[in-house]
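Let me begin by presenting the structure, written as structure tokens, before commenting on it.
Just so we're on the same page: letters track the sequence lines, and every chain starts at 1. As a basis for the values below, the full set of heavy atoms in this structure was taken, side chains included, without hydrogen atoms, waters or symmetry mates.
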4 protein chains.
Amino acid sequence: MEESKPDKREAILQATMELVAEHGFHDAPCSLIAERAGVAAGTIYRYFENKDVLIVTLYRELETRINAALEEGYTQEKPFRERFMHLVTGLLKFFITHPQEFKYVEQFHNSPYGVAFRRDRIINHSEECGVYGELFKQGMAQQVLKDLPLVLLFDLAFGPIVSVARNHILGFIQLDDVLIERIAAACWDSLKC
Amino acid sequence: MEESKPDKREAILQATMELVAEHGFHDAPCSLIAERAGVAAGTIYRYFENKDVLIVTLYRELETRINAALEEGYTQEKPFRERFMHLVTGLLKFFITHPQEFKYVEQFHNSPYGVAFRRDRIINHSEECGVYGELFKQGMAQQVLKDLPLVLLFDLAFGPIVSVARNHILGFIQLDDVLIERIAAACWDSLKC
Amino acid sequence: MEESKPDKREAILQATMELVAEHGFHDAPCSLIAERAGVAAGTIYRYFENKDVLIVTLYRELETRINAALEEGYTQEKPFRERFMHLVTGLLKFFITHPQEFKYVEQFHNSPYGVAFRRDRIINHSEECGVYGELFKQGMAQQVLKDLPLVLLFDLAFGPIVSVARNHILGFIQLDDVLIERIAAACWDSLKC
Amino acid sequence: MEESKPDKREAILQATMELVAEHGFHDAPCSLIAERAGVAAGTIYRYFENKDVLIVTLYRELETRINAALEEGYTQEKPFRERFMHLVTGLLKFFITHPQEFKYVEQFHNSPYGVAFRRDRIINHSEECGVYGELFKQGMAQQVLKDLPLVLLFDLAFGPIVSVARNHILGFIQLDDVLIERIAAACWDSLKC
DNA sequence: TATGAATGAGAGTTCATTCAT
DNA sequence: TATGAATGAACTCTCATTCAT
């Protein structure tokens with residue numbers, strides 16, 4: 001009796017993440033999601049209006065978890081470069097310790113869902129408001145970072161991270177703390193003045 | 001009349017690229033591909049064993065075209081950094097002038113097809129054999145580039161390029177020659193010793 | 001406190017009538033009925049064995065209400081034609097002042113439920129026993145009405161009434177007292193010798 | 001090789017009519033329609049965009065057949081009453097010799113489809129243009145028929161016919177030529193001045 | 001007595017693939 | 001060689017009904 005209600009909601013989200021991570025949005029039919037979640041197919045629709053809503057909701061929750069992980073131990077007091085390294089290595093470590101979360105987020109970005117989603121965000125300038133946005137804007141103001149459009153700074157910093165994480169997860173490279181540090185440093189090199 | 005027939009093959013490949021680029025692998029049903037290619041649905045199966053084969057074949061052909069574009073004007077005689085810049089800016093320019101090709105390649109990478117495909121390639125070390133592989137290996141040998149696993153050099157160099165290209169194509173940033181040069185320079189910064 | 005509970009029973013019947021009248025038997029799911037009745041879905045099954053029983057029960061109750069309305073002010077003392085006119089105009093007026101009841105009854109008749117229901121009734125000759133049945137049999141006996149099978153007299157008298165009521169309710173015609181009188185008179189013309 | 005192509009289209013329409021006539025729009029699922037038509041479920045969608053289109057198309061075709069049947073032997077030369085009788089008895093005879101067509105048309109009228117359909121027609125005044133519309137307007141002009149809105153003349157003439165046809169088909173009455181003539185005469189009585 | 005979360009069969013529809021022509 | 005009508009398995013989603021609380 002210990003377990004609270006929204007058990008099933010969680011189970012459905014978890015099953016969705018696993019299946020999409022493993023097989024892509026294709027081959028993650030509702031029937032399989034339900035089966036893996038240990039619920040009936042119809043039950044999905046008590047918690048999520050339809051499959052699209054399920055998929056977007058899951059993405060939002062993962063993003064929240066990622067942000068929470070990154071903000072842990074992050075403090076304005078540290079020197080600029082250290083803060084950058086904290087965030088970049090943090091993100092990379094989160095990805096490689098949460099391969100399913102990573103794969104899901106990647107799949108999401110490369111799908112009609114993801115494009116529409118990002119479009120909204122960019123139009124609303126909400127990207128500039130996150131931890132990273134603040135950091136980068138500050139860096140440019142202090143002339144520590146190259147003076148480039150914010151979007152490009154993101155690309156330079158995270159493009160490699162995502163790429164590296166994918167290769168680690170697929171087993172094409174084996175990361176360790178030293179390597180992670182060197183990768184983050186290389187990202188720093190590409191951004192710094 | 002020499003190559004009269006392969007008309008239809010080309011048309012099918014072109015239609016597939018367009019549809020996948022515009023709508024994703026979902027919503028690129030064979031019926032639509034056939035319609036846009038101006039052939040009957042059954043005709044697809046004369047040229048390609050099944051849809052998977054069509055998709056992989058198309059990817060291979062696009063890759064070949066990309067490589068051809070990059071090798072144009074590329075010569076071992078130029079200084080190392082110049083050769084690097086040639087390849088990186090060349091890739092970025094190809095992507096933003098060929099948005100459908102870019103989108104297709106991206107879709108492909110983020111799909112079960114793409115993973116299996118790359119796995120083969122990495123295991124066979126064929127990645128090391130391309131223009132880029134040669135360049136990077138040479139750069140490490142000459143201690144111009146950071147001493148990192150080849151895979152990671154790829155990630156550092158191309159992760160940002162792909163990311164930037166995507167944002168340009170989605171309209172989130174407007175690239176011009178100056179910007180492209182600066183982005184390539186930033187990539188160089190992240191790779192060089 | 002005598003009939004405190006049947007609150008919910010009433011609410012369910014009322015909700016069913018409204019929804020079926022508005023949207024047809026389709027699109028009147030139990031969940032919606034429950035919601036509009038302000039009860040839980042499961043509660044429906046305390047009062048009605050299943051949905052079919054609910055639907056038939058509601059029909060019976062509506063019929064009872066219609067008969068009650070018609071018998072009001074009806075008396076054997078008045079001349080024959082007057083009694084006929086009383087019933088026919090009464091029915092038409094009831095329908096157009098109770099559009100939901102009308103629509104429900106119509107829906108019911110045109111459904112598998114309705115056919116089985118009427119079959120029972122006709123086989124048991126119960127149709128002959130209502131107010132109308134008595135009136136018509138009397139009319140034939142007195143050679144005021146055409147000598148036709150009772151069923152046909154019903155069709156001649158009520159076929160037009162139902163049709164007219166439907167058109168009024170759908171807004172295709174706007175009835176008033178004069179028009180109602182003329183319609184009833186036309187029905188009389190078709191029945192009288 | 002004798003049978004032409006649209007075999008399957010016909011079979012689907014026929015199966016739909018039979019199933020709807022027998023069981024109502026409920027219980028006429030696509031799977032059953034396909035099975036009875038001797039085609040695969042997917043085949044329905046080669047001929048009809050969706051189930052709604054199938055249902056409306058079938059209605060339109062039945063209506064065309066009914067009109068064709070009525071116009072047969074109809075001529076402006078005959079006296080007015082004779083023409084009226086021709087149409088009314090013709091309709092009734094068509095209905096009782098085509099019980100499935102009749103049931104389908106009835107089901108259709110009493111459904112969301114039918115209401116929307118008729119609304120269009122009345123708004124466009126197309127009802128006035130049919131054989132019946134012309135006849136009734138002429139009758140009013142010549143002061144042979146009661147001066148009532150056209151819609152009501154339809155109700156008075158056809159309300160009973162539909163009702164009688166239903167009862168015959170359900171087996172509640174057994175019509176013959178004499179009875180049909182008397183019913184049509186009664187309709188005439190209700191319309192004539 | 002009343003609840004409403006859960007069920008799962010079945011609805012309409014899509015689409016990769018086949019095969020008679 | 002090319003066609004495109006036909007297939008039928010699989011998809012997302014609905015809903016009458018049940019049952020633990």
Side-chain angles (χ1 to χ4, degrees), chain A residues 1 5-9 12 26-35 37-54, chain B residues 4-5 7-9 26-35 37-55, chain C residues 4-5 7-9 26-35 37-55, chain D residues 1 5-9 12 25-35 37-55:
Chain A
M1 294 301 148
K5 283 320 179 3
D7 240 3
K8 298 216 155 134
R9 205 188 101 103
I12 291 164
H26 292 80
D27 307 312
C30 291
S31 55
L32 259 185
I33 290 173
E35 189 183 315
V39 303
T43 303
I44 292 171
Y45 296 86
R46 293 202 66 73
Y47 294 99
F48 306 97
E49 200 185 325
N50 54 45
K51 204 189 178 186
D52 283 17
V53 167
L54 163 60
Chain B
S4 59
K5 287 311 175 18
D7 250 359
K8 295 202 167 155
R9 206 188 100 101
H26 289 86
D27 307 313
C30 291
S31 55
L32 255 184
I33 291 172
E35 189 184 315
V39 303
T43 304
I44 292 172
Y45 294 84
R46 295 225 148 267
Y47 294 99
F48 307 95
E49 196 186 329
N50 55 43
K51 203 187 180 186
D52 283 15
V53 168
L54 163 60
I55 281 166
Chain C
S4 59
K5 286 312 175 13
D7 251 357
K8 294 199 167 154
R9 206 187 100 101
H26 289 84
D27 306 313
C30 290
S31 56
L32 255 184
I33 290 172
E35 189 185 313
V39 303
T43 304
I44 292 171
Y45 294 83
R46 295 223 148 270
Y47 294 100
F48 306 96
E49 198 186 327
N50 56 42
K51 203 187 179 187
D52 284 16
V53 168
L54 163 60
I55 280 165
Chain D
M1 294 303 147
K5 282 322 176 4
D7 239 4
K8 298 218 157 137
R9 204 187 105 102
I12 290 164
F25 283 115
H26 292 81
D27 307 314
C30 290
S31 54
L32 258 185
I33 290 173
E35 189 182 315
V39 302
T43 302
I44 291 171
Y45 295 85
R46 292 203 66 73
Y47 294 99
F48 306 96
E49 198 186 326
N50 54 44
K51 203 188 178 186
D52 282 18
V53 168
L54 163 59
I55 282 166

Note: A:Ile12 and A:Ile44 closest approach over all heavy atoms is CD1-CA, 3.9 Å
OP1 or OP2 of F:dA5 less than 4.0 angstrom from a side-chain nitrogen or oxygen of D:Tyr45, does that happen here?
-> no
Rounded interatomic separation in angstrom, taking CZ from A:Phe48 and C1' from E:dA6 = 15 Å
Under 4.0 angstrom between C:Thr43 side-chain N/O and E:dT3 OP1 or OP2 | yes
Out of curiosity, B:Leu54 CG to B:Tyr47 OH, how far, rounded to the nearest 0.5 Å?
-> 13.0 Å
Would you indicate which nucleotide in E:dT7, F:dT17, F:dG4 comes nearest to any side-chain atom of A:Val39?
-> E:dT7
Should D:Ser31 be listed as having a side-chain N or O under 4.0 Å from OP1 or OP2 of E:dG10?
-> no
Gap between atoms CZ and P, on B:Arg46 and E:dA20 respectively (whole Å) | 14 Å
Checking all strands, does B:Cys30 fall into the base, sugar-phosphate, or nothing category for heavy-atom contacts under 4.0 angstrom?
-> base
Separation of atom CD1 in A:Ile12 from atom P in E:dA6, rounded to whole Å = 8 Å
Round to a whole Å and report the spacing from NE2 of D:His26 to P of F:dT14.
-> 16 Å
Per nearest nucleotide of DNA chain F, the residue lying toward the 5' end, C:Asp52 or A:Ala28, is A:Ala28
To the nearest angstrom, the CD1-P distance between A:Ile44 and F:dT14 comes to 12 Å
For the pair made of CG in A:Asp7 and C1' in F:dA20, what is the distance, rounded to whole Å?
-> 15 Å
Spacing between D:Ile33 atom CD1 and E:dA11 atom P, to the nearest angstrom = 11 Å
For DNA chain F, what are the stems built from at least three Watson-Crick or G-U pairs in a row, each pair having both distances below 3.5 Å?
-> E:2-21 with F:2-21
Could you please name the option among F:dA16, F:dG4, E:dT13 that lies closest to any side-chain atom of B:Ala40?
-> F:dG4
What closest approach, in Å, do C:Lys51 and C:Pro29 show between heavy atoms, and which atom pair accounts for it?
-> NZ-CA, 4.2 Å
Hey, which sits more toward the 5' end of DNA chain E by its nearest nucleotide, B:Ala41 or D:Pro29?
-> D:Pro29
Please report, rounded to the nearest Å, how far the P atom of E:dG12 is from the CD atom of D:Glu35.
-> 14 Å
Work out which heavy atom in C:Asn50 is nearest to a heavy atom in C:Asp52; give both atom names and the distance.
-> OD1-N, 3.0 Å
Quick one: is C:Lys8 getting a side-chain N or O under 4.0 Å of the E:dA2 phosphate, OP1 or OP2?
-> yes
